[in-house]
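These notes are about the structure you will find just below.
Just so it is clear: chains get the letters A, B, ... in the order the sequence lines come, proteins before strands, and each one is counted from 1. These numbers come from a predicted model, not from an experiment.
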Number of protein chains: 2
Amino acid sequence: MTANRIERLVPASPRDIQPDNPCAACAVRDLSVCGALRADDVSRLNAIVTHKTLQPGEMLFLESDPADSLFVITDGSIKLYKMLPDGRRQITGFLFRSDFLGLAFRDRYAYSAEALSLTTVCRFPKDRLEALLDEFPEMERRLLSIASNELASAQDQMLLLGRKTAEEKLASFLWLLSRRATLKELDGQTIDLPMTRMDMADYLGLTIETVSRSFSALKRKEIIAFTTPQRMQIIDLPEMAALAGIEEESWEASTALR
Amino acid sequence: MTANRIERLVPASPRDIQPDNPCAACAVRDLSVCGALRADDVSRLNAIVTHKTLQPGEMLFLESDPADSLFVITDGSIKLYKMLPDGRRQITGFLFRSDFLGLAFRDRYAYSAEALSLTTVCRFPKDRLEALLDEFPEMERRLLSIASNELASAQDQMLLLGRKTAEEKLASFLWLLSRRATLKELDGQTIDLPMTRMDMADYLGLTIETVSRSFSALKRKEIIAFTTPQRMQIIDLPEMAALAGIEEESWEASTALR
DNA sequence: CGGCTCCGTTGATGCATGTCAATGTCGGTC
DNA sequence: GACCGACATTGACATGCATCAACGGAGCCG
């Protein structure tokens with residue numbers, strides 16, 4: 001289906017999309033949202049971007065690494081986190097296909113990025129980014145829009161971390177996953193949990209035990225049901241939304257995971 | 001001193017800066033960071049921006065309001081917050097002179113904004129913003145850089161809210177205020193607290209009582225000392241940094257408050 | 001098959017922080 | 001000066017979540 005979309009957006013001859021560079025696909029897809037790309041744009045982008053495959057648990061970069069690249073996830077999932085000197089960890093986001101990361105106008109990354117599952121990313125070298133932005137102003141507008149959305153999600157997460165109870169935190173998290181799933185699978189009630197309980201705990205500012213107990217509480221109330229520990233269903237969507245602190249009129253508004 | 005800076009950056013004849021529009025100053029100052037503005041740019045900006053004065057406690061906008069403007073704070077201070085349906089509140093940031101707010105590519109603001117002190121803001125109508133960005137590409141680059149910095153600060157705040165103890169939270173907050181103060185007053189040890197204990201509590205995900213007790217604990221350890229309840233001094237800066245979870249080598253890195 | 005490790009669940013207990021309440025302090029107003 | 005309300009501090013007590021510990025299932029390997 002990715003191929004279809006490229007065909008539609010870039011009515012170029014097939015040779016322009018070099019099959020040995022899988023990043024052409026993501027570059028085209030993620031840039032072209034804000035305007036049609038010409039075929040020669042595509043081949044120029046192909047020359048700039050590179051790709052990388054990550055095994056589960058493999059690091060893309062560390063918090064202190066020099067920030068020299070911007071990445072787009074082509075496939076798989078990644079977690080971002082920050083740590084305190086003594087090892088306490090806060091996961092600041094889970095990213096999936098077509099999400100950006102590494103957007104930092106600083107010399108070092110502000111967080112570490114680690115693959116959750118088998119993941120491929122597409123890399124834009126930062127030293128060529130400025131030139132790229134000058135050449136594709138739509139890309140800059142899009143980055144600004146992404147950053148602004150991420151900022152809004154970050155603020156939601158602050159509300160969650162600072163003011164919600166454990167059960168509300170978990171419900172909010174599952175709500176986000178469910179909204180995200182709705183965009184792809186059509187039922188939107190089935191949720192995959194590609195991360196461990198530990199990751200969820202570090203995302204929600206809890207311990208694994210509390211996450212587990214909150215899952216049990218939601219099961220007991222028949223709001224959710226498990227197929228396997230990594231796959232579940234939302235049974236009572238309205239109650240879930242209520243727990244997550246989402247008012248009905250804005251059910252559709254909140255989509256992004258970060 | 002604001003005047004000095006304008007003179008330096010915009011060697012235009014004085015009539016270009018209309019004295020009845022105090023926003024000319026902020027527009028010039030905040031846009032011109034990334035490139036010289038010509039005198040006619042300044043007068044064109046004067047025609048677009050308007051200004052507004054807010055009394056302490058007055059709202060600039062509400063979370064659900066249509067997001068039709070971008071603001072720059074000319075003077076004073078503002079708090080941003082989100083609320084849960086039952087009234088629990090999370091302050092997501094305190095803003096001061098020259099900070100931006102309202103940067104949202106959505107139709108509604110993601111948070112409410114309320115003046116802490118007597119505040120003046122400069123308003124850019126959003127419907128003219130696109131055109132403005134097209135005309136001043138440096139402004140777009142600057143907005144992207146600001147958004148990216150705010151994102152980094154938001155992630156710091158998530159680490160704080162999710163993983164730090166009450167005392168560490170307060171120390172981190174005071175550390176930020178102290179870094180910010182360093183940029184202006186030169187000693188950097190004296191800190192003004194323009195917000196109430198309640199505001200600090202809602203920023204740190206605590207209660208006023210816990211904030212108060214944490215202040216007392218820091219006093220007892222002789223890390224800080226109070227002049228008045230709204231004015232204090234940091235006595236033991238290294239210990240403060242340690243509590244805040246900042247490693248020595250990165251003392252200078254963290255500056256922004258959000 | 002048995003043993004091992006990793007992950008998740010559940011129970012018992014402790015502690016950091018929330019809740020409730022009393023008191024103090026400062027500014028404003030009559 | 002007396003009164004009042006808003007804000008801050010401190011103490012006594014309650015509780016939500018962390019901590020510590022036991023157990024069970026799934027995958028892996030000899």
Check [X] against [Y] and note the closest heavy-atom contact, atom names and distance.
X         : Y         : result
Glu63(A)  : Ala110(A) : CG-O, 3.6 Å
Leu80(A)  : Ala113(A) : CD2-CB, 3.6 Å
Met158(B) : Leu161(A) : O-CD1, 3.6 Å
Ser214(A) : Glu167(A) : OG-N, 4.1 Å
Met232(A) : Phe226(A) : CB-CD2, 3.8 Å
Gly102(B) : Tyr111(B) : N-OH, 3.2 Å

Legend entry - Closest nucleotide among dT17(C), dG8(C), dG18(C) to the Thr196(A) side chain: dG8(C)
Legend entry - From dG8(C), dA8(D), dC17(D), nucleotide with atom closest to Pro229(B) side chain: dA8(D)
Inset, instruction - Mind telling me whether Phe61(A) and Phe71(A) have parallel, tilted or perpendicular rings, with 30° and 60° as the class edges? - result: parallel
Inset, instruction - Could you tell me whether Arg89(B) and Asp199(B) have a side-chain N and a carboxylate O separated by less than 4.0 Å? - result: yes
Rounded to whole angstroms, how far apart are [atom1] on [X] and [atom2] on [N]?
X         : N       : atom1 : atom2 : value
Ile224(B) : dA8(D)  : CD1   : C1'   : 14 Å
Arg220(B) : dT10(D) : CZ    : C1'   : 11 Å
Met232(B) : dA8(D)  : CE    : C1'   : 16 Å
Leu116(B) : dC7(D)  : CG    : P     : 12 Å
Lys169(B) : dA16(C) : NZ    : C1'   : 11 Å
Arg197(A) : dA18(D) : CZ    : P     : 16 Å
Phe226(A) : dA26(D) : CZ    : C1'   : 16 Å
Lys219(A) : dG8(C)  : NZ    : P     : 12 Å

Inset, instruction - Determine the contact category for Ile208(A): base if any of its heavy atoms lies under 4.0 Å from a base atom, sugar-phosphate if only primed atoms, P, OP1 or OP2 are that close, otherwise nothing. - result: nothing
Inset, instruction - Among residues two or more places apart or on two chains, list those pairs meeting salt bridge (charged side-chain N to carboxylate O under 4.0 Å, His left out) that have a residue in residues 205-218 of chain B. - result: none
Inset, instruction - Check each residue of residues 209-218 of chain B for a non-hydrogen atom within less than 4.0 Å of any atom in DNA chain C, then write out the ones that pass by number, or none. - result: Glu209(B), Thr210(B), Arg213(B)
Inset, instruction - Estimate the overall bend of the helix from dC1(C)-dG30(D) to dC30(C)-dG1(D) from the end axes over five pairs each, rounded to 10 degrees. - result: 20°
